[in-house]
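Take a look at the structure set out below.
Only heavy atoms go into these numbers, but all of them, side chains included; no hydrogens, no water, no symmetry mates.
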Amino acid sequence: MEKKEKKLNQKFLEKSSLDWIKIVGAREHNLKNISVEIPKNKLTVITGPSGSGKSSLALDVLYTEGKRRYMESLSSYARQFLGIAKKPDFDRIEGLCPAIAIEQKTVGHNPRSTVGTITEIYDYLRVLYARIGRPQCPDCGMAISQESPENITNLLLENHAHRMVTIAAPMVTQKKGEFKHQLMQLYEQGYYRFIIDGQVYRFNAVQEVKNLNLAKTYKHTIDLLIDKLDMTVDERARIQEAVEKSFALAQGSCKVIVGTKEYLYSSNRMCLQCSIAFPELEPRFFSFNSPIGACKNCNGLGVIHEWPWAKDDKDSWKEKYPDFFGSYATEKTCKVCFGKRLHKHALAVTIGNKNIMDLSELSIKDALVFFKHLSLRENQQEIAESLIREITNRLQFLNDVGLSYLSLNRSARTLSGGEGQRIRLATQIGSALSGVLYILDEPSIGLHQRDNDRLIETLKRLRDQGNTVVVVEHDLDTMHEADYLVDMGPAAGTLGGKVTAVGDPKSLAENNLSLTGAYLAGRRQIAVPKSRRSYKNFLTLAHAQKNNLKDVKLTIPLEVLCCISGVSGSGKSTLILDELVPAIQREFEGYAKKASTKTDNSDLQGLEHIDSLVVIDQSPIGRTPRSNPATYLGIFDQIRTLFAQLPESKARGYKVGRFSFNVSEGRCFECHGDGTITVSMQFLADVIMTCKACKGQRYNGETLAITYKGKSISQVLDMTALEALEFFAAHKQLAKRLELMCDVGLDYVKLGQPSTTLSGGEAQRIKLVDELAKRGNRTLYILDEPTTGLHNSDIEKLLQVLNRLVDKGNSMIVIEHNIDVLKTADYIIDMGPEGGDEGGMIVAQGTPEVVAKNAKSYTGHYLNKVFK
């Protein structure tokens, strides 16, 4: 009996170990040798203060190791193209699944990349239009019908009478390959005249065909010349024979060359009235990334660049490098395709009276309605059923994650990080994988509370498919709905990196050691102010009409904290960043308004009440690892000056430049001031070694020998803002900026931390510190979602800083979804009622209490819960 019990207990233990991912001894970044267990097939939220080690645990340990283990199962040939990541610092991980990360990053900067191409919905649409699309004449609009060789012969005699015409069979059109075998077969059948890539060839021997050597990596066009003859009635039989032969050889196609012009005819599709032939419909015919489908004028971009110089100008060479010199050019909508990217033949194919670009311009929500009510003939329905099901499923997934307002042709460059993340999330749900570890980095960023509820349901659906979902998140609603919570802390940076509490939401709320638990339980919360600030001056913008705005008149009270809220896609950013900001900038730049020359249909009043404008967005503070918070805030200049003024520096003749790792004089010779040396290892991960000469300190020995209070310049850069504040307490200017960094919740950020490793929210707060240090009053501050990536405790700190600015006599406009921020505002302008075309209006405005009572406002609905 005892043996049986032992066996049963052993089986139970083995089974339970398969239900958990066990991490032992994780030491990556600031993690303090932690061990933690995460349940499989559950929704787990990793939370904690900013900089406490959440992303280090989720992305740098779990995801990196899961991806690395999968990559190692591939061949060495495949691995050299994939770039294997370095193994994270941990003792062991058990029960790890293949990992997929959905991070906060934009989906790409390629101008050809759209929502439709990213989600692959546009690829399905191309197949759908190629299979059941109804072609029409692009000139007269008549339906294209099939024609016989006899009718085509009559048309040639009518349109090109008494002209010398060449009839050719289009064998290859813009395809890659050598085509040697195909040309050999045709030569053996007696055909020896061809036009290959615009050049006429006449082969006299088999060897000449063999010696052609077409590059197989390039796209080629090959036409077989069948006959050249005069278009007269006497030649009717010969013409028809040549057309029939072309149809037989080129699968129903025939090319007619008259002088320098080429006409393509088809036995299947052609307009008799306009003599326009329609090529065979295929998916690439509808692709703006293919020369077959793209508009020839704009090459499928929908816009053309107009350069400020003539073709023979000395600067005209810059046109070849638009990525570098694009700022010189003016973007204008293409006059041929009117921004629709495709050539006229592709745009003349319709389904349900809409061409493929008309359909792509619909919002996700409207596209779903279109397919729901689409009526097809029986044979079309049979062909399209599976395609339409796939398209509608993917559209539904996008709708479910709060992206109903986007259109399929929306450029990827215009998407926010949060939108890009939710697009990738919808794509993963559509793939219907199971047994996968999904790691999401703050998916609620940029989401209104209403849309956040939908997102939570989507995460649950991903979990219910049999996946382990791990979410790095600060949103309390997401935590309440999670199966398991891991709370990191207790603070940020070197003071964090520990697991302070684990368990379900209820047990975490009851845990007095958990900072997050205090907010979950309501023991600690961001208080509603006892009174709202009064206001007497306003900034007014009339006739705001950009994107989805419905001729909005915006009235913003000054010298208060004003929040702009609304569901995703309702027009908040368009109203403030695309309408108000440019209007103010034009006025400050000295462009006086005149009644006859109003710009962008806008009218600005009340600017006399502000002296300057500061816009603080989430763009990076630097694009190279050599830029860091200390250089951006000017702290590094003061530190270098301090080191240069030390007696030993003066004795050695060291100047300020000696203490810069960008100047060869004082930096390490081996690593050029990087601190590391990268060695490429082909199919293995690049080996990044700490420089042996300087031991990662970036400077040479002579520079490091200069110390202030026992610290070298390298050790100072390795300090966190909190440590540096204590170290430089006697230096007022330095201490001022360092204290501000701590005030906005950046006390954990190191002075020399590369700017490329900072999140958008961290970069935004560093810019805020820069402005706080130098501004006085009568300044209008505009912030775009400053709470991104912030724990509730950090939001409290940030609100104190923002209110301090307002109390100095400044005005604050904050685009925000966070209810804790909205409830503390003096004034709210709520956009809506929906996103996209159904938005663009002011639904409610006034104090938070007034907005909370507005039944039409989604924001009011959630504020009302707070005030109850």
Side-chain angles (χ1 to χ4, degrees), residues 81 105-133 135 138 170 172-177 197 215-222 264 278-305 319-324 326 329 331-351 354-362 364 367 387 390-391 394-395 398 406-415 419-420 423-424 426-427 430:
F81 302 110
K105 59 182 180 182
T106 52
V107 284
H109 295 282
N110 191 331
R112 295 182 177 277
S113 187
T114 65
V115 171
T117 58
I118 295 164
T119 58
E120 298 179 359
I121 293 172
Y122 190 76
D123 297 324
Y124 284 101
L125 285 179
R126 292 194 293 117
V127 178
L128 184 69
Y129 271 80
R131 297 296 174 258
I132 65 165
V172 175
T173 306
Q174 284 289 306
K175 287 185 179 178
K176 291 180 181 179
D197 298 334
K216 63 180 178 181
T217 54
Y218 289 91
K219 292 180 179 178
H220 302 286
T221 298
I222 301 174
L264 188 65
F278 231 88
E280 189 71 28
L281 298 186
E282 54 181 326
R284 62 179 179 158
F285 188 69
F286 301 96
S287 171
F288 46 78
N289 293 324
S290 165
I292 304 298
C295 167
K296 299 294 184 288
N297 189 52
C298 64
N299 295 316
L301 289 173
V303 294
I304 54 172
H305 291 92
E319 295 181 22
K320 297 178 182 178
Y321 307 99
D323 290 344
F324 295 98
E331 268 193 8
K332 293 199 173 178
T333 303
C334 175
K335 294 178 181 178
V336 175
C337 67
F338 301 103
K340 298 209 172 191
R341 298 181 168 217
L342 299 174
H343 61 66
K344 64 179 183 179
H345 292 87
L347 295 172
V349 181
T350 61
I351 294 175
K354 288 188 182 294
N355 65 40
I356 193 167
M357 294 312 290
D358 291 337
L359 187 52
S360 297
E361 284 168 2
L362 295 178
I364 301 293
L387 282 168
E390 193 66 42
I391 291 166
R394 288 170 185 255
L395 288 171
L398 289 170
L406 291 181
S407 61
L408 293 178
N409 71 345
R410 171 85 172 262
S411 174
R413 293 193 293 182
T414 65
L415 297 171
E419 285 171 335
I423 284 174
R424 288 191 295 275
T427 305

**OP:** Search all heavy atoms of Ile118 against all heavy atoms of Ala412 and return the closest pair with its distance.
**Re:** CD1-CB, 3.7 Å
Subject >> Minimum-distance pair of heavy atoms, taken over all atoms of Cys337 and Gly302 >> reply: SG-CA, 4.3 Å
Subject >> Test item: Leu362 and Leu408 side chains (from C-beta on) under 4.5 Å apart, heavy atoms >> reply: no
Original post:
Do Thr114 and Arg341 pass the side chain to side chain contact (heavy atoms under 4.5 Å, CB included) test, and can you show the C-alpha distance, the side-chain angles, and the key distance before you say yes or no?
Top reply: CA-CA 12 Å; Thr114 65; Arg341 298 181 168 217; 4.0 Å; yes
Subject >> Which residues share a side chain to side chain donor-acceptor pair (under 3.5 Å) with Lys354, sequence neighbours left out >> reply: none
**OP:** Before giving the answer on side chain to side chain contact (heavy atoms under 4.5 Å, CB included), spell out for His220 and Lys176 the whole-Å C-alpha distance, their side-chain angles and the decisive distance to 0.1 Å.
**Re:** CA-CA 6 Å; His220 302 286; Lys176 291 180 181 179; over 6 Å; no
Original post:
Is Lys175 atom NZ crowded by more than 12 heavy atoms from other residues, nucleotides or ligands, each under 6.0 Å away?
Top reply: no
Original post:
Does the side chain of Arg112 come within less than 4.5 Å of Thr117's, by heavy atoms?
Top reply: no
**OP:** Could you pull out the closest heavy-atom pair between Ser407 and Val115, with the gap in Å?
**Re:** O-CB, 3.6 Å
**OP:** Please report the C-alpha distance between Ile121 and Leu398 in whole Å, then the side-chain angles of each, then the deciding distance to 0.1 Å, and finally whether the side chain to side chain contact (heavy atoms under 4.5 Å, CB included) criterion is met.
**Re:** CA-CA 11 Å; Ile121 293 172; Leu398 289 170; 3.7 Å; yes
**OP:** Evaluate the side chain to side chain contact (heavy atoms under 4.5 Å, CB included) criterion for residues Asp358 and Lys340: first the C-alpha distance (whole Å), next the side-chain angles of each, then the deciding distance (0.1 Å), finally the verdict.
**Re:** CA-CA 9 Å; Asp358 291 337; Lys340 298 209 172 191; 2.7 Å; yes
Subject >> Which atom of Ile132 lies closest to which atom of Ile351, heavy atoms considered >> reply: CG1-CD1, 3.7 Å
Original post:
Nearest 0.5 Å, what's the NZ-CG distance between Lys296 and Leu342?
Top reply: 10.0 Å
For residues 281-289, tabulate all N or O donor-acceptor pairs below 3.5 Å that involve a side-chain atom, not counting sequence neighbours.
from	atom 1	to	atom 2	distance (Å)
Glu282	OE1	Arg284	NE	3.3
Glu282	OE2	Arg284	NE	3.4
Arg284	NH1	Gln174	O	3.1
Arg284	NH2	Thr173	O	3.3
Ser287	OG	Asn289	N	3.2

Original post:
Between atom CG of Leu125 and atom CG of Leu359, what is the distance when rounded to the nearest 0.5 Å?
Top reply: 5.5 Å
Original post:
Rounded to the nearest 0.5 Å, how far does CG of Asn297 lie from NZ of Lys335?
Top reply: 9.5 Å
Original post:
Out of curiosity, Leu395 CG to Thr119 OG1, how far, rounded to the nearest 0.5 Å?
Top reply: 7.5 Å
Original post:
Under the side chain to side chain donor-acceptor pair (under 3.5 Å) test, which residues partner Asp123, sequence neighbours left out?
Top reply: Arg126
**OP:** Kindly say whether Ala346 contributes a backbone atom to a donor-acceptor pair with the side chain of His343 at under 3.5 angstrom?
**Re:** yes
Original post:
Under a 4.5 Å cut-off applied to non-hydrogen side-chain atoms, are Asn409 and Tyr122 in contact?
Top reply: no
Original post:
Between Asn355 and Thr350, is there a donor-acceptor pair closer than 3.5 Å when you use the side chain of the first and the backbone of the second?
Top reply: no
Original post:
Which distance, rounded to the nearest 0.5 Å, do you find between the CD1 of Ile364 and the CG of Leu406?
Top reply: 6.0 Å
**OP:** Mind listing the closest non-hydrogen atom pair of Asn299 and Ala294 along with its distance?
**Re:** C-CB, 3.9 Å
**OP:** First locate atom NZ of Lys219, then atom CD1 of Ile292, and finally report the distance between them rounded to the nearest 0.5 Å.
**Re:** 7.5 Å
